[in-house]
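One structure below.
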Amino acid sequence: MQRNKGITQKEGQSVFALVDCNNFYVSCERVFNPALEGKPVVVLSNNDGCVIARSNEAKSLGIQMGAPAFKCKGLFARHGVRVHSSNYTLYADMSKRVMDTLGRLAPEMEVYSIDEAFLSLAGFDDPVEYSRFIRNTVKRWTGVPISVGIGRTKTLTKAAGWFAKKEQAYGGVVDISAGGDELLERLEVGEVWGVGRRYAKMLIEAGISTALGLRDAPDEWVRKRMGVAGLRTVWELRGTPCTPLKQAGAHKKRIVTSRMFGTLVEGLPELREAVAAYASRAAEKIRSQESVASSITVFITTNRYNGDPRYSESATTRLPVPTSYTPELIRCAHAGLEKIYKPGYRYNKAGVMLADIVPAREMQLGLLAPLVHARDYSQLQRLMSSIDHINAQWGSGTIWYAAAGGGEGARGAEGTEGAENRSRQGWRMRRSLLSPMFTTDWDEIPAVKA
DNA sequence: TCTGGGGTCCTAGGACCC
DNA sequence: TCTGGGGTCCTAGGACCC
């Protein structure tokens, strides 16, 4: 290891692969509905707000990523586009299947996102051939098509992956260590991993328009204009690894649960319900990584597009003792909400963020003594883990918190109206075009007729 | 009271990613 | 009617301390 300007560099020959699921959410829908094959298909964000996944056919129609769904209605109708609400339960389950498969095929891997993973292929005689094998195996075992980019650094695998995905001629696998310069010259600088819109504009104005140009830019100049992160990107383009594979099991440093509401919300009671539901979900997430949080932030905001008077505010509460205990987190979230809530506004989004996260086992029991008897504390932990277990087995929302005003069932919006003392539940999501929970709900597993 | 260097911690905001 | 929901890292500046 050698150090220079904040960059850690590893010696030795490295070979990485980037596995990227093609149009992942659309591919998940297709696995269970083969009639979608060859058709233009899109998947919408929560509340059916905008387009977040497109099949190749939909991309060819000019449908943009992030396009508001209401602006695409005409186009969808004219071309018979199949439109789906997002079904994260299904996608998360499919993702796990893909990642489990990859885990069996590579000695080391980093799950980078719901649809991407980096693998280490150091030591394989023929990484290209092996990547084709991986590609076929994932397709056969899960039904999901993938592309693979191969290179000496993660940044180079991303560049290779871009060609593997965009240019069919490669057959889904591209190794950038052969003919790298030619590919880097064909890659627009804005497509480089780590170069976003701002830097792309700056680089183009400075006369650097391709990945190759960026690779050959002087260190000092890059350092000054793009910081050490930019310098790391440039070194990686040159084949020097600066970002190793992230260890499996690394815990998140922040956990956010936030949603746009199904309809605009004015009253405090409804906001309290929404915030309780989000705090409860965030608490589940943090318990699943066996951590506790030392601070909780609640935020609310009005619609930024509809011309309403705008207001958005957040409140952070430091927890006297780091915790993952749902009722305590709901209590603090409510206290924060009371501080920032202003009547007279129509809110369209709220959220809860847990921060200053530490592993539960590192929390010193001594800290707890003045507040909770140690035995009580372990009882609380057992209670939480029983609830999580039941919800995992029988579906999220089987057991929920009264403060959240009714189960956050996987399908969300149904069956909670009418009870006394209950708000109108306008904050719940709209998902009118939802596909069935094929893999995670006993009632919706497809039946095979023999 | 003023002057100065240097260190740490925290926070807000910017840039990026999917 | 109608515009997602997560994350990471870095930097600059202020407060505070010696």
Side-chain angles (χ1 to χ4, degrees), chain A residues 5-8 18-21 23-25 42-53 64-74 76 83 85-88 91-92 95 110-118 154-155 158 161-162 165 189-203 223-233 242-243 246 250-264 278 281-282 285-286 289 294-295 297 299 301-308 314 316 318 346 348-357 426 429-433:
Chain A
K5 299 171 190 154
I7 294 185
T8 309
L18 170 73
V19 168
D20 195 338
C21 300
N23 315 325
F24 182 56
Y25 298 166
V42 300
V43 173
L44 304 181
S45 64
N46 285 334
N47 287 311
D48 299 336
C50 56
V51 174
I52 54 169
Q64 295 299 308
M65 185 70 173
F70 73 91
K71 287 190 183 168
C72 302
K73 281 252 164 75
F76 290 166
V83 183
S85 297
S86 44
N87 185 344
Y88 283 103
Y91 310 149
S95 173
E110 170 188 342
V111 176
Y112 179 66
S113 74
I114 195 165
D115 68 340
E116 281 179 54
F118 291 104
K154 286 160 97 179
T155 303
K158 284 287 227 179
W162 190 89
K165 195 193 299 189
V189 75
E191 300 293 342
V192 173
W193 191 44
V195 178
R197 272 216 311 275
R198 293 304 251 276
Y199 286 155
K201 183 163 181 284
M202 182 277 290
L203 288 166
R223 175 72 182 82
K224 212 170 87 204
R225 307 296 292 265
M226 303 170 69
V228 301
L231 198 52
R232 223 170 266 157
T233 295
C242 303
T243 49
K246 207 191 273 172
H251 73 244
K252 297 210 164 85
K253 297 172 179 175
R254 281 189 341 210
I255 287 174
V256 180
T257 300
S258 77
R259 299 274 184 283
M260 305 251 311
F261 300 143
T263 58
L264 297 173
Y278 304 157
R281 178 66 192 125
K285 291 185 199 167
I286 201 172
Q289 66 167 40
S294 318
S295 87
T297 301
F299 56 91
T301 180
T302 56
N303 192 315
R304 17 187 247 280
Y305 302 104
N306 68 356
D308 273 10
S314 70
T316 300
R318 284 213 75 80
R346 304 198 299 166
N348 84 324
K349 180 179 184 175
V352 166
M353 179 172 88
L354 304 180
D356 301 312
I357 291 172
M429 283 191 286
R430 291 188 308 270
R431 290 192 291 178
S432 55
L433 308 162

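Everything quoted here is computed from the prediction, not taken from an experiment. Numbers restart at 1 for each chain; the letters A, B, ... are given by sequence-line order, proteins then strands. Reckoned from all heavy atoms, side chains included, excluding hydrogens, waters and symmetry mates.
Of the candidates C/dT3, C/dT8, C/dG4, the closest approach to any side-chain atom of A/Ile52 belongs to C/dG4. Relative to the side chain of A/Ser258, the nucleotides C/dG4, C/dG5, C/dT8 differ in distance, and C/dG5 lies closest. With C/dC2, C/dG4, C/dG7 as the candidates, the nucleotide lying closest to the side chain of A/Phe70 is C/dC2. For A/Lys73, whose side chain is taken as the heavy atoms from C-beta onward, the closest listed nucleotide among C/dC2, C/dG7, C/dG4 is C/dC2. With C/dT3, C/dG5, C/dG4 as the candidates, the nucleotide lying closest to the side chain of A/Ser45 is C/dG4.
At distances below 3.5 Å, not a single donor-acceptor pair connects side-chain atoms of A/Ser295 with backbone N or O atoms of A/Asp356. Between the side chain of A/Ser45 and the backbone N or O of A/Cys50 there is at least one donor-acceptor pair closer than 3.5 Å.
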Dot-bracket for DNA chain C, 5' to 3', Watson-Crick and G-U pairs with both distances under 3.5 Å, [ ] for crossing pairs, | for partner on another strand, reads ....||||||||||||||
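Taking atom P in both C/dT3 and B/dC17, one finds a spacing of 25 Å when rounded to whole Å.
The salt bridge (Lys or Arg N to Asp or Glu O under 4.0 Å) search around A/Lys349 returns none, not counting sequence neighbours. Evaluation of the side-chain hydrogen bond (donor to acceptor under 3.5 Å, both in side chains) rule for A/Lys246 yields no partner, not counting sequence neighbours. The ring pair (Phe, Tyr, Trp, His ring centres under 6.0 Å) check on A/Tyr112 picks up A/Phe118, A/Trp193, with sequence neighbours excluded. Legend: residues meeting ring pair (Phe, Tyr, Trp, His ring centres under 6.0 Å) with A/Tyr199, ordered by chain and number and at least two apart, are absent. Remark: A/Arg304 engages no residue in a salt bridge (Lys or Arg N to Asp or Glu O under 4.0 Å) (not counting sequence neighbours). With sequence neighbours left out, A/Arg254 forms a side-chain hydrogen bond (donor to acceptor under 3.5 Å, both in side chains) with no residue at all. For the side-chain hydrogen bond (donor to acceptor under 3.5 Å, both in side chains) test, residues two or more places apart in sequence or in another chain that qualify with A/Arg346 are A/Asp308.
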Counting primed atoms, P, OP1 and OP2 as sugar-phosphate and everything else as base, the B/S/- map of nucleotides 11-18 of chain B against protein heavy atoms under 4.0 Å is ----SSSS
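The residue A/Thr257 sits close only to the backbone: its heavy atoms come under 4.0 Å of sugar-phosphate atoms, none of a base. Residue-level contact check: A/Leu44 touches neither bases nor backbone, having no heavy atom under 4.0 Å from any strand.
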